[in-house]
Amino acid sequence: MDKQQPELNKQKSDRLNNLKQIEELKLDPFGQRFDGGQPIREALDAYQPKDESAPDKEGVPATVAGRIMTIRKHGKTAFLDIKDWTGKIQIYIKKNKVGEELFKLYELLDIGDIIGVTGELFKTRTGEVTIFAKQFTLLTKALAPLPEKWHGLQDVEMRYRKRYLDLISNDEAMKTFLTRTKILQRTREFFHKKGYVEVETPMMQPIPGGATARPFITHHNTLDMDLYLRIAPELYLKRLLVGGMEKVFEINRNFRNEGISTHHNPEFTMIEFYEAYADYHTMMDLTEELITSLAKELLPDLKIKYGEMELDLNSPWPRKSYMELFKKYSGLDWSEQEAVIKKAEELKIETKNKAYESIANDIFEKLVEPNLTGPVFVIDYPRAISPLTKSKKDNPDIVERFELFMAKMEIANAFTELNDPLEQRKRLEQQLKNRAEGSVSLDEDFLSALEHGMPPAGGEGIGIDRLVMILTNNPSIREVILFPTLRKLPKKTEKADLCKLKYKEK
RNA sequence: GCGCCCUUAGCUCAGCCUGGUAGAGCAGCUGAUUCUUAAUCAGCUGGCCGUAUGUUCAAAUCCUACAGGGCGUACCA
């Protein structure tokens, strides 16, 4: 039972046919360098007179390049909408303006093709700024059709798998990702202005540290050793503090081999920054200043709508203690161990083989966090769940740590860094003891770095993806990561059938 | 990991409850059209109804399994 290979999609074969005819006209269907183009936004702006009494700038020359989104044919004339990443402009093509030869090429154009156009700006009868084409050139023939012009690409899975189609056909997606790069750029500028330097530390680490997530393992053949994709850069950045780099930041990916959800992607972007001679109060001020300045550019009044929630980012942001919040929402004092454990069992929280602090923290996550619309700094955490943090002077069981919550999500986590090597060893050993077998060994080199003296410092990590979610009002982390982690498709994936076809002919 | 939901033309979606020859819009093709804009008008093409198994005279529709995806939940100091 040999099933016939399905025929090439009709639309694709039609386009292939157009391509052949273009080649017969001695034109290159995949184009050449195109000089002198301007962003479409700029062309549109060039037409609009600044003050309204000024006359329209009829006839201003314009040259743009972009993808054809729609074609409205009228016999010997046509209107095309072409789009680049700054905007969309209408092109008017008239047979007796561009000449017989070019008009032949126009007739072979398809939606999705990329063209370059030179002409003059004018306003149509209906008031749309348009380029009256004198000249145009095909820069790339598109052999596969675009998604539907009005609804765009809706299929969520395909939007993630074929992000290029999402970017072409959904303006909102493009906008989100351009905003994301803006946020990254502004963040870098912010830290540079504060005298920080950007550094890069290993993504592949022999001992994964700085957090407790399960790591991804890989293997180096020549060295014949296992390496772990980092779960955090923390321990390396602290080594730099020891080395005398006083203000450092790193923006890069972390990898955690845990579940996937609307708030979790296995690889995610984090900025971590460390400042010598500072503490967690310094970090709070810095964070508030940074996020406020990022938000101001997008939402000048600093009032953010995120889904159903409304966040007011105007300073000052409240700072509330962990213990206080615990009491407020659980109705129990953190020190009432028996009552707390009972409550945990009621809430179906796993309590076996778990440290008390970790059980209590589960309650915190379940009962308190859903109330933290924020922005709010939760400060002063229990020591046992914060092994890298310095204790408060007046209470060794509480540490100088805060987490920033926005829209019920943990956005940032920061400490006054623990710089006592003896205390640090104790804490890490304790942590290892509490963990299941098969956990990783102690990072002795990190401890010896501390023995050489790390200045008192404040340090922090901010989850960039989640911050972008909030600032662009996206409900899923997959909407702000260009290529989110997805399952591999089963054997029967869609083939790039045209490529095969072309290859066969040659 | 568990629960609920989704998968039909290149794209956006109906049809499924109540089994009986697979529908629309966009896109595409042919023709008309020298200021249209979700252009319009006339005609046409295009489906392994996610995959596999059942039940049935008959399955897009009902059952089961699997795959991919979404949401929720769990895990993730």
Side-chain angles (χ1 to χ4, degrees), chain A residues 3-4 6-15 17-18 69-81 88-98 103 110-112 122-128 130 132 142-162 165 169 210-215 231-232 254 256-264 266 268 348-350 354-355 357-362 364-366 381-389 399 401 403 410 413 427 431 434-435 475-476 478 484 486-494 497:
Chain A
K3 281 182 187 167
Q4 286 272 310
E7 299 240 342
L8 195 61
N9 175 291
K10 180 80 171 15
Q11 300 201 38
K12 287 185 182 175
S13 61
D14 287 338
R15 282 160 182 258
N17 197 30
N18 286 344
M69 301 308 289
T70 57
I71 305 178
R72 293 179 290 280
K73 299 193 171 190
H74 289 264
K76 297 186 180 69
T77 68
F79 293 89
L80 320 187
D81 291 328
K88 193 176 86 175
I89 195 165
Q90 180 169 258
I91 309 295
Y92 184 44
I93 290 177
K94 204 171 181 177
K95 189 169 185 179
N96 61 14
K97 179 88 170 180
V98 297
F103 204 73
D110 289 298
I111 290 172
F122 77 108
K123 212 171 219 174
T124 62
R125 213 155 51 189
T126 47
E128 180 162 353
T130 300
F132 197 169
L143 294 175
L146 245 37
E148 215 246 9
K149 68 175 172 187
W150 190 241
H151 299 91
L153 187 62
Q154 294 296 318
D155 185 290
V156 180
E157 180 178 1
M158 217 189 295
R159 287 186 44 237
Y160 298 158
R161 289 196 194 274
K162 306 197 171 214
L165 292 179
S169 55
T212 51
R214 282 213 308 271
I231 53 176
N254 288 346
R256 295 186 182 176
N257 206 340
E258 308 283 356
I260 294 178
S261 77
T262 45
H263 301 75
H264 301 264
F268 63 99
K348 291 178 183 158
I349 289 170
E350 180 63 57
K354 268 168 80 177
E357 292 82 355
S358 153
I359 295 167
N361 194 52
D362 286 348
F364 186 92
E365 285 178 11
K366 207 153 194 168
Y381 279 68
R383 187 189 57 200
I385 56 171
S386 318
L388 300 164
T389 313
V399 295
R401 168 183 177 187
E403 288 192 3
E410 179 195 336
N413 185 17
R427 301 258 202 107
Q431 186 194 18
N434 290 342
R435 285 239 302 269
S476 167
R478 271 165 251 141
L486 296 174
R487 227 176 276 262
K488 198 163 68 176
L489 281 176
K491 63 276 163 194
K492 205 184 166 185
T493 53
E494 192 190 328
D497 39 17

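Sequence lines set the chain letters: A, B, ... in the order given, protein chains first and strands last, and positions in each chain run from 1. Below, each value reflects all heavy atoms present in this structure, side chains not excepted, and no hydrogens, waters or symmetry copies. Remember, it's a predicted structure, so these values are computed and weren't measured experimentally.
Across all non-hydrogen atoms, the minimal contact from A:Gly259 to A:His264 is O-CB, 3.6 Å. In terms of heavy atoms, A:Ala211 sits closest to A:Arg256 at CB-NH2, 3.6 Å. The two atoms that bring A:Arg72 and A:Asp81 nearest to each other are NH1-OD2, 3.2 Å, heavy atoms only. Of all heavy-atom pairs spanning A:Lys94 and A:Thr77, the tightest one is CG-CG2, 3.7 Å.
Between A:Met69 atom CE and B:rC11 atom C1' the separation is 12 Å, expressed in whole Å. Between the CD atom of A:Glu365 and the P atom of B:rC76 there is a distance of 8 Å, rounded to whole Å. Protein atom CZ of A:Arg159 is 14 Å distant from nucleotide atom C1' of B:rU12, rounded to whole Å. Spacing between atom NZ of A:Lys488 and atom C1' of B:rG69 amounts to 18 Å, rounded to whole angstrom units. What separates NE2 of A:His264 from P of B:rG72 is a distance of 11 Å, to the nearest Å. As rounded to whole Å, 15 Å separates atom C1' of B:rU7 from atom CD of A:Gln154. B:rG10 atom C1' lies 9 Å from atom CE of A:Met158, rounded to whole Å. In this entry the distance linking CD of A:Glu403 with P of B:rC76 reads 14 Å, nearest Å.
When the C1' atom is used for both B:rU73 and B:rC26, the distance is 39 Å, rounded to whole Å. Comparing B:rG28 with B:rC11, their P atoms sit 15 Å apart, to the nearest whole Å. Annotation: B:rC4 and B:rG19 have their C1' atoms spaced 26 Å apart (nearest Å). Taking atom P in both B:rG50 and B:rG72, one finds a spacing of 26 Å when rounded to whole Å. Using P as the reference atom, B:rG69 and B:rU64 are 22 Å apart when rounded to the nearest Å. Comparing the same atom, P, in B:rA42 and in B:rC6 gives a spacing of 37 Å after rounding to whole Å. Rounded to whole Å, the C1' atom of B:rG23 lies 30 Å from the corresponding atom of B:rU33. For the C1' atoms, the distance from B:rA59 to B:rG15 is 14 Å, rounded to whole Å.
Judged by Watson-Crick or G-U wobble contacts below 3.5 Å, the nucleotide B:rG72 has B:rC2 as its partner. Figure legend. B:rU7 is base-paired to B:rA67; pairs are counted as Watson-Crick or G-U wobble with both atom distances under 3.5 Å. Across all strands shown, the partner of B:rC44 is B:rG28, judged by Watson-Crick or G-U wobble contacts whose two distances both fall under 3.5 Å. B:rU21 is unpaired under the Watson-Crick or G-U wobble criterion, no partner having all donor-acceptor distances under 3.5 Å.
Nucleic acid contact for A:Lys366: sugar-phosphate only, since backbone atoms but no base atoms lie under 4.0 Å from a heavy atom of the residue. Using a 4.0 Å heavy-atom distance criterion, A:Thr262 is classed as a sugar-phosphate-only contact. Residue-level contact check: A:Tyr381 touches neither bases nor backbone, having no heavy atom under 4.0 Å from any strand. A:Pro382 comes within 4.0 angstrom of no nucleic acid atom, judged by non-hydrogen atoms across all strands. Within 4.0 Å (heavy atoms only), A:Arg161 reaches sugar-phosphate atoms of the nucleic acid but no base atom. Nucleic acid contact class of A:Arg401 (heavy atoms, under 4.0 Å, all strands): sugar-phosphate only. Within the nucleic acid shown, A:Leu165 has no heavy atom closer than 4.0 Å to any nucleic acid atom.
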- Task: Sugar-phosphate means primed atoms, P, OP1 and OP2; the rest is base. With that split, encode nucleotides 27-36 of chain B 5' to 3' as B, S or - using protein heavy atoms under 4.0 Å.
- Result: BSS---BBBB
With the criterion being N/O to N/O and under 3.5 Å, what pairs connect the protein with nucleotides 1-6 of chain B, and how long is each?
none

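Taking 4.5 Å as the limit, every side-chain heavy atom of A:Arg383 sits out of range of all side-chain heavy atoms of A:Thr389. In this structure the side chain of A:Phe103 reaches within 4.5 angstrom of the side chain of A:Ile93, judged on heavy atoms. Side-chain contact check for A:Leu143 versus A:Lys12: every heavy-atom pair is 4.5 Å or farther apart. In this structure, the side chains of A:Arg15 and A:Asn17 stay at 4.5 Å or more apart for every pair of heavy atoms.
A donor-acceptor pair shorter than 3.5 Å can be found between the side chains of A:Glu148 and A:His151. Side chains of A:Ser386 and A:Arg401: a donor-acceptor N/O pair is present below 3.5 angstrom, by distance only.
Evaluation of the side chain to side chain contact (heavy atoms under 4.5 Å, CB included) rule for A:Thr124 yields A:Phe79, A:Gln90, A:Phe122, A:Thr126, A:Glu128, A:Thr130 as partners, not counting sequence neighbours.
Of the two residues contacting RNA chain B, namely A:Pro475 and A:Leu153, the nearest-nucleotide position lying further toward the 5' end is that of A:Leu153.
Salt-bridge check for A:Asp155 with A:Arg159: failed, with every basic side-chain N at 4.0 Å or more from each acidic carboxylate O.
Phosphate proximity of B:rC75 to A:Ser261: absent, as no side-chain N or O sits under 4.0 Å from OP1 or OP2.
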